[in-house]
Amino acid sequence: MTTPGPRTSLDGGLERDLAAFAALAPRTPEGGAPAGGPLLVASDFDGVLAPLGDDPLASRPTAAAAAALARLAALGPDRVRVALVSGRRIEDLARLASPPVGALLVGSHGAETGEVLAPAPEGGPAGGPGAAGGEDHTGARSHVRADGTTARVRLVPVELDDAQTTLLDRVTQGLEEIAAPVEGAWVEHKPSAAVLHTRLSPQPAADEASAAAARLGDELGAHAMTGKNVVEIAVTSTSKGIALDALRTRLGSPAVLYLGDDVTDERAFAVLGAADLGIKVGPGETLARRRVTDPAEAARALTTLADLLGA
């Protein structure tokens, strides 16, 4: 692992790695289809595309990050696929991140998956947050996103068996009991997990609550994951690394770029190979090959990649 170093910028080493990654994009022979699968450009949301904040519902990608993702997605699914891989509920991710059409979505650390589709024709069915209606014939629902745009999002539903449903109830009850006496602590509910949030809690109560949550996961035989001021306890076995591998296999991608800032992103960095590129955002030990300081520099890296690919 690399250790925390001095403040970094988009240095020559990272630019060279981005150029090498871009060179692996499939070429389109004259009059033919591209040879090979698309490059996969995947990123966490909070702390990477969007600055971290105390209000999780106020998170938005920086303008530079949003513009870079849109440029990359516009290259087309034969050359580049953009993916957001987050611990958030996938519906919240789709709404707050306002990802471009064609983006693949992974929520709840891999338990939820989906895809952003073009908006429905005017007068078509709409549904989801901020809109009324139901699914269209493709199984997609229209969502009004945080940036005011509308897009259809096709989500793959999470299905739990009876044992998992019972376990999730016990996990949720246990976390609610842990959070109740702790100022600022609260519990987020996901389709296959519950999450203790302690960002707004004072010390040492925050650390004590997090430790209690981790013990609860062990006692119940569930899957506990600790991140920045959160402990998520899931009743299904998944991770960002498993999700990233699944995306690579599905797309047949020759190389993967992944950006992440959290402890949970290390599982994604761990599955990267020699042709891939991992970029750690912020301080902390990491398996990633390169590091940038903050979301502003992460956006610069994505913008540089878009430039290299001629987007």
Side-chain angles (χ1 to χ4, degrees), residues 10 14-30 32-45 48-50 61-86 93-94 97-107 113-119 145 149 151-154 240-241 243-260 265 268-269 271-279 281 288-290 292 295 297-311:
L10 197 59
L14 177 52
E15 289 195 8
R16 286 191 298 273
D17 283 351
L18 288 170
F21 178 78
L24 297 175
R27 307 295 178 184
T28 305
E30 186 173 349
L39 294 178
L40 175 56
V41 178
S43 177
D44 188 10
F45 176 59
V48 179
L49 304 177
T62 65
L69 288 182
R71 290 175 61 195
L72 290 166
L75 288 167
D78 289 337
R79 292 196 69 205
V80 173
R81 291 305 298 266
V82 169
L84 301 188
V85 182
S86 173
L93 178 64
S98 302
V101 170
L104 302 171
L105 304 177
V106 175
T113 58
E115 182 176 0
V116 181
L117 307 177
R145 287 103 65 86
T149 62
R152 290 182 302 145
V153 180
R154 184 166 55 223
K240 291 181 178 180
L244 196 61
D245 263 345
L247 286 177
R248 182 206 297 271
T249 299
R250 168 186 163 189
L251 299 171
S253 297
V256 176
L257 168 66
Y258 187 81
L259 298 93
D265 293 305
F269 292 137
V271 303
L272 298 180
D276 304 324
L277 177 57
I279 301 177
V281 181
R289 188 191 312 168
R290 295 294 180 183
V292 295
E297 291 189 355
R300 287 182 59 198
L302 290 170
T303 300
T304 297
L305 179 60
D307 291 341
L308 290 165
L309 289 167

Trainee: Hey, does Arg71 have a side-chain heavy atom less than 4.5 Å from the side chain of Asp307?
Mentor: yes
Trainee: State which residues pass side-chain contact (heavy atoms from CB on, under 4.5 Å) with Asp276; sequence neighbours excluded, sorted by chain then number.
Mentor: Arg248, Ala255, Val256, Leu272
Trainee: Check the pair Thr113, Leu104 against side chain to side chain contact (heavy atoms under 4.5 Å, CB included), reporting the backbone distance first and the verdict last.
Mentor: CA-CA 8 Å; Thr113 58; Leu104 302 171; over 6 Å; no
Trainee: Does any part of the side chain of Leu40, heavy atoms only, come nearer than 4.5 Å to the side chain of Leu244, both counted from C-beta?
Mentor: yes
Trainee: Mind checking what makes side-chain contact (heavy atoms from CB on, under 4.5 Å) contact with Ala64, not counting sequence neighbours?
Mentor: Thr62, Ala299
Trainee: Quick check: closest heavy atoms across Val85 and Ala42, and the distance to 0.1 Å?
Mentor: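 Looking at all heavy atoms of both residues, the shortest contact is CG2-CB, 4.2 Å.
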Trainee: Quick one: pull up CG in Leu259 and CZ in Phe45 and give me the separation to the nearest 0.5 Å.
Mentor: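 These two atoms lie 14.0 Å from each other.
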Trainee: With a 4.5 Å limit on heavy-atom distance, are the side chains of Phe21 and Val41 in contact?
Mentor: yes
Trainee: Of the non-hydrogen atoms in Pro99 and Val116, which two are nearest, and what is the gap between them?
Mentor: CG-CG2, 3.6 Å
Trainee: Where is the tightest heavy-atom contact between Ala243 and Val106, given as atom of each residue plus distance?
Mentor: CB-CG1, 3.7 Å
Trainee: Hey, what do you get for CZ (Arg300) to CD (Glu15), rounding to the nearest 0.5 Å?
Mentor: 7.5 Å
Trainee: Decide yes or no for Lys240 and Val271: does some side-chain heavy atom of the first lie under 4.5 Å from some side-chain heavy atom of the second?
Mentor: no
Trainee: Find out whether Leu39 and Leu305 are in side-chain contact, i.e. whether some heavy atom of one side chain is under 4.5 Å from a heavy atom of the other.
Mentor: no
Trainee: So, applying side-chain contact (heavy atoms from CB on, under 4.5 Å) with Ile279, which one of Leu302, Asp265, Asp17, Leu257 is it?
Mentor: Leu257
Trainee: Between Arg81 and Glu115, does any NZ, NE, NH1 or NH2 come within less than 4.0 Å of an OD or OE carboxylate oxygen?
Mentor: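 A salt bridge links Glu115 with Arg81.
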Trainee: So which heavy atom on Pro254 is nearest to which on Gly37, and how close?
Mentor: CD-O, 3.2 Å
Trainee: Is any side-chain heavy atom of Leu49 closer than 4.5 Å to one of Leu84?
Mentor: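 Side chain of Leu84 against side chain of Leu49, heavy atoms only: contact under 4.5 Å found.
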Trainee: Find the distance between CG (Leu105) and CZ (Arg154) and round it off to the nearest 0.5 Å.
Mentor: 11.0 Å
Trainee: Over all heavy atoms of both residues, which pair between Ala97 and Pro61 is shortest? Give the atoms and the distance, please.
Mentor: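 Closest approach of Ala97 to Pro61, heavy atoms only: O-CG, 3.5 Å.
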Trainee: If you look at every heavy atom in Ala298 and Val292, which pair is closest and at what distance?
Mentor: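 Nearest pair, atom of Ala298 first, then Val292: N-CG2, 3.9 Å.
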Trainee: Within a strict 4.5 Å, meaning less than it, do heavy atoms of the Pro38 and Asp78 side chains meet?
Mentor: no
Trainee: Answer whether the closest heavy-atom distance between the side chains of Leu14 and Thr304 falls below 4.5 Å.
Mentor: no
